[in-house]
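Only one structure is covered here, and it is reproduced in the block below.
Proteins get letters first, then strands, A, B, ... in listed order; numbering begins at 1 in each. Remember, it's a predicted structure, so these values are computed and weren't measured experimentally.
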Protein chains: 2
Amino acid sequence: MVRALRAIPTADAPGDEAGTRLRLVEAAGEVFADQGFRDATVRDICAAAGVNLAAVNYHFGDKRGLYLASLRYSMAAARDLHPVEAPAGSDARERLRHFVHALMRRMLGEGRPAWHAKLMAREMVDPTDALDTVVDEMIRPAFGVLARAVADLLGERSTRSERVKLACHGVIGQCMVYRHCMPVLRLLGTQPAAGTTASDLADHIAAFSLAAIDGTARRGATTPRVGAGSHGGRRR
Amino acid sequence: MVRALRAIPTADAPGDEAGTRLRLVEAAGEVFADQGFRDATVRDICAAAGVNLAAVNYHFGDKRGLYLASLRYSMAAARDLHPVEAPAGSDARERLRHFVHALMRRMLGEGRPAWHAKLMAREMVDPTDALDTVVDEMIRPAFGVLARAVADLLGERSTRSERVKLACHGVIGQCMVYRHCMPVLRLLGTQPAAGTTASDLADHIAAFSLAAIDGTARRGATTPRVGAGSHGGRRR
DNA sequence: GTGCGTATGAAACAGTTGTTTGAATCTTCT
DNA sequence: AGAAGATTCAAACAACTGTTTCATACGCAC
């Protein structure tokens, strides 16, 4: 009765964060990531977190509230650990390479809980009402960084040009395949060889994409393809 | 009791196909595609098909059996309507273009029930034990066609080379983005402009990929990039 | 028509799930 | 210590879901 009136306890109690709330968010993230929102049961999550069944409703209102919390938690971690913005002053090629590297590290969850990217991959294929938030807080800013780099390389002024959009989709698609289709690749036998790092894959994707952009820019463009940022050497 | 002994009635009764079984498979495909296996209820499916609740278990054993049936139905349709093999005698560029066009038509479900590709997209992100079948009957043969074309373009003899695999993943990823991430693209505002056909997108992806392959082949390869199948002109 | 195997129908079953409840325990401030 | 509030706990609730049951209608050879 009291609970119904209180707006879910202290949404971000500072001292508490080592306690039930945090354990719940992390366990939930993992379970949601590999079972999906519907298949994951609050009983499983609570067992994994080692907390009582009622804790979910007490701390997060309901199952969806917990889901949203682990989604936010995951987004914050990705932003902090793998920023997509290259150091100031980088040229366009460098910016694109940096973006691909960051995105691939996010995809493969390198160095951090692997469920972060899984969780968001699910949210894309099977969107809940939380997708708006994910797009606004995570994807749109990142896309802007990529689009700027691609537009510069293509000699386009605006990032809204159709050519820029299509090229960006291509770059992103090449990265996503390693998150969305990994089970297929494994069955196919074409999964990256053991020991292949996110960085290795990113190197290939960046080179592939830059070659494509150079090639298509040359063909269709009216502006010199070597336009923006051409002084940068090849990395590694 | 009798039912338990009989191995599910006439798995493919020829005359019956206009009846309950078919209506069920089609309704199920649609519901499974946009709700997912777990979220879809047999009650919803039966209502959509206009058949009795017990029909699912009678005709398909259980829910999973029905799921498998609509998956097979969908795969057969994709193979028949959008074959990935180019006409015999086509050169490598042409074969790659043809593959991309077919794959994109499958992705966007052009001309046919749109749920086919959705269904398989789900199966990839959230695999059930049916994924083996999908890979063996659908994906592996298709991948072989692509890999052959790419290997020829790169001047590689074997389709198992790491470079070939990576390039194939890139091509496939570019196509998949329009199936897996459409809700995101819509929210982002970068979805293909109204009136854009699968063929338009395929043209871009094929050109992008060919430019990339040309560029990277030139750099790294030891064999002339114009090696296999170079007599073909550019299409359209 | 009669019998027999097949298909459909309405209702009930059994298990699981998210959520709620009210008491018990812990924390914190005076 | 003691009161007040926050948190945890075991148990129950209510709704939903896949599946089963058994009775009924249909199609067809004889």
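- Counting to the nearest Å, the P atom of C/dG18 and the CG atom of B/D39 are 12 Å from each other.
- Contact of the A/V84 side chain with the A/L146 side chain is not registered, since no non-hydrogen atoms from C-beta on lie closer than 4.5 Å.
- Contact check, A/H59 against D/dT8: a side-chain N or O comes under 4.0 Å of OP1 or OP2.
- Checking C/dG9, C/dA7, C/dT19 against the side-chain heavy atoms of B/Y58 singles out C/dA7 as nearest.
- Atom-to-atom, CG of A/D44 to C1' of C/dT17 comes out at 11 Å; the value is rounded to the nearest Å.
- Looking at the side chain of A/A54, the nearest of the listed nucleotides D/dT20, D/dA10, C/dG18 is D/dA10.
- For A/T20, a side-chain nitrogen or oxygen approaches OP1 or OP2 of D/dT8 to under 4.0 Å.
- To the nearest angstrom, P of D/dT20 lies 12 Å from CG of B/L53.
- For the pair B/R122 and B/F37, the cation-pi test (distance below 6.0 Å, angle within 45°) is failed.
- Straight-line distance from the CG atom of B/N57 to the P atom of C/dA12: 18 Å, rounded to whole Å.
- Rounded to an integer number of Å, the gap from NZ of A/K63 to P of D/dA15 is 18 Å.
- As a whole-Å value, the separation of A/R43 CZ from D/dC13 C1' is 11 Å.
- With A/H101 as reference, A/R105 is the one residue of A/R105, A/H98, A/M104 to meet the side chain to side chain contact (heavy atoms under 4.5 Å, CB included) rule.
- Put simply, B/N52 has no side-chain N or O that comes within less than 4.0 Å of OP1 or OP2 on C/dA7.
- In this structure, CZ of A/R64 is placed 9 Å from P of C/dT19, rounded to the nearest angstrom.
- When all heavy atoms of B/R179 and B/A121 are compared, the closest pair comes out as CG-CB, 3.6 Å.
- The CG atom of B/D62 sits 5 Å away from the P atom of D/dT19 (whole-angstrom rounding).
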